[in-house]
Amino acid sequence: MTACTAFADALDNASVFYGDFADTIDGTARPDYSDPVVSMTNVSGRTALRESAAQAMSAAGTPGLSPDIVGPMRSWSLDATKLLVKMGLRGSGDTLNVTANELNEDAHNAQMACALAGTHA
């Protein structure tokens, strides 16, 4: 299923670059956004989330795709957008974690829906 493959690619891209950012602020309640490493990974993480959100939304628009798959893909896209906005506004570690957890739940739900449809994401 092309949509699930495209969604899996979006997840991979977002996880690599957001993961770099998350690693640089790990355990920090108030990240130091003036730190050059935090700043650099913030930019690359937001860029990856923006690209991945667009790719996930495009995958969700695949004609004939089951609503069980479409829903969590769209939700993931919206939460990815919410996360990149929070990163751009230099949110606290706690607020970023809340949204990242929502994003992970959306990814899980989309992956399960794809698996139930006989493919993977």
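As the structure is a prediction and not an experimental result, all values here were calculated from the model.
Atom-to-atom distance recorded for Asp32:CG and Arg90:CZ is 9.0 Å, nearest 0.5 angstrom. The CG atom of Leu84 lies 6.0 Å from the CZ atom of Arg50; values are rounded to the nearest 0.5 Å. Note that the CG atom of Asn109 and the OG atom of Ser75 stand 8.0 Å from one another [nearest 0.5 Å].
A heavy-atom distance below 4.5 Å is found between the side chains of Gln111 and Leu11. At least one side-chain heavy atom of Leu83 sits less than 4.5 Å from a side-chain heavy atom of Leu96. Looking at heavy atoms from C-beta onward, Asn104 lies out of side-chain contact with His108 at the 4.5 angstrom threshold. Looking at Leu49 and Thr81, their side chains never come closer than 4.5 Å, going by heavy atoms from C-beta outward. Counting heavy atoms from C-beta outward, Asn13 and Gln55 have side chains that stay 4.5 Å or more apart. Side chains of Ile25 and Val38 form a contact here, defined as non-hydrogen atoms less than 4.5 Å apart.
For Ser58 (side chain) and Ala54 (main-chain N/O), no donor-acceptor pair under 3.5 Å exists by modelled atom type. Judged purely by atom type and a 3.5 angstrom limit, Ser52 uses its side chain to pair as donor or acceptor with the backbone of Ala48. When atom types are taken as modelled, the side chain of Tyr18 and the backbone of Ala100 share no donor-acceptor pair closer than 3.5 angstrom. Remark: side-chain polar atoms of Thr28 are not paired, donor with acceptor, to backbone N or O of Arg30 under 3.5 angstrom. Panel note: side chain Asn97, backbone Gly93; a donor-acceptor pair is recorded below 3.5 Å.
Contact between Ala60 and Val70 at its shortest, heavy atoms only, is O-CG2, 3.4 Å. Contact detail for Ala53 and Ser77: the closest heavy-atom pair is O-OG, 2.8 Å. Annotation for Pro67 and Pro72: closest pair O-CD, 4.3 Å, computed over non-hydrogen atoms.
Looking at residues two or more places apart in sequence or on another chain, you find a salt bridge (Lys or Arg N to Asp or Glu O under 4.0 Å) between Asp79 and Lys82.
No path of Ile, Leu, Val, Met, Phe, Trp and Tyr side chains, each step under 4.5 Å between heavy atoms, connects Phe17 with Met57, placing them in separate hydrophobic clusters. The cluster map of Ile, Leu, Val, Met, Phe, Trp and Tyr, joined by side-chain heavy atoms under 4.5 Å apart, puts Tyr33 and Val85 in the same cluster.
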Let me see the working for Glu105 and Asn101 under side chain to side chain contact (heavy atoms under 4.5 Å, CB included), right down to the final yes or no. CA-CA 6 Å; Glu105 181 68 21; Asn101 287 336; over 6 Å; no
Run the numbers on Ser92 and Asp94 for side-chain hydrogen bond (donor to acceptor under 3.5 Å, both in side chains), then give the verdict. CA-CA 5 Å; Ser92 70; Asp94 291 339; 5.1 Å; no
Give the C-alpha distance, both sets of side-chain angles, the deciding distance and a yes or no for side chain to side chain contact (heavy atoms under 4.5 Å, CB included) between Leu65 and Met73. CA-CA 11 Å; Leu65 195 60; Met73 283 184 181; 4.2 Å; yes
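Thr41 pairs in a side-chain hydrogen bond (donor to acceptor under 3.5 Å, both in side chains) with only one of the listed residues (Asp35, Asp23, Asp20, Thr24), which is Thr24. Tested against Phe21, the residues Met40, Arg46, Met87 include a single side chain to side chain contact (heavy atoms under 4.5 Å, CB included) partner, Met87.
Among pairs with a residue in residues 52-80, those fulfilling ring-ring contact (aromatic ring centres under 6.0 Å, His included) read Phe7-Trp76, at least two apart in sequence or across chains.
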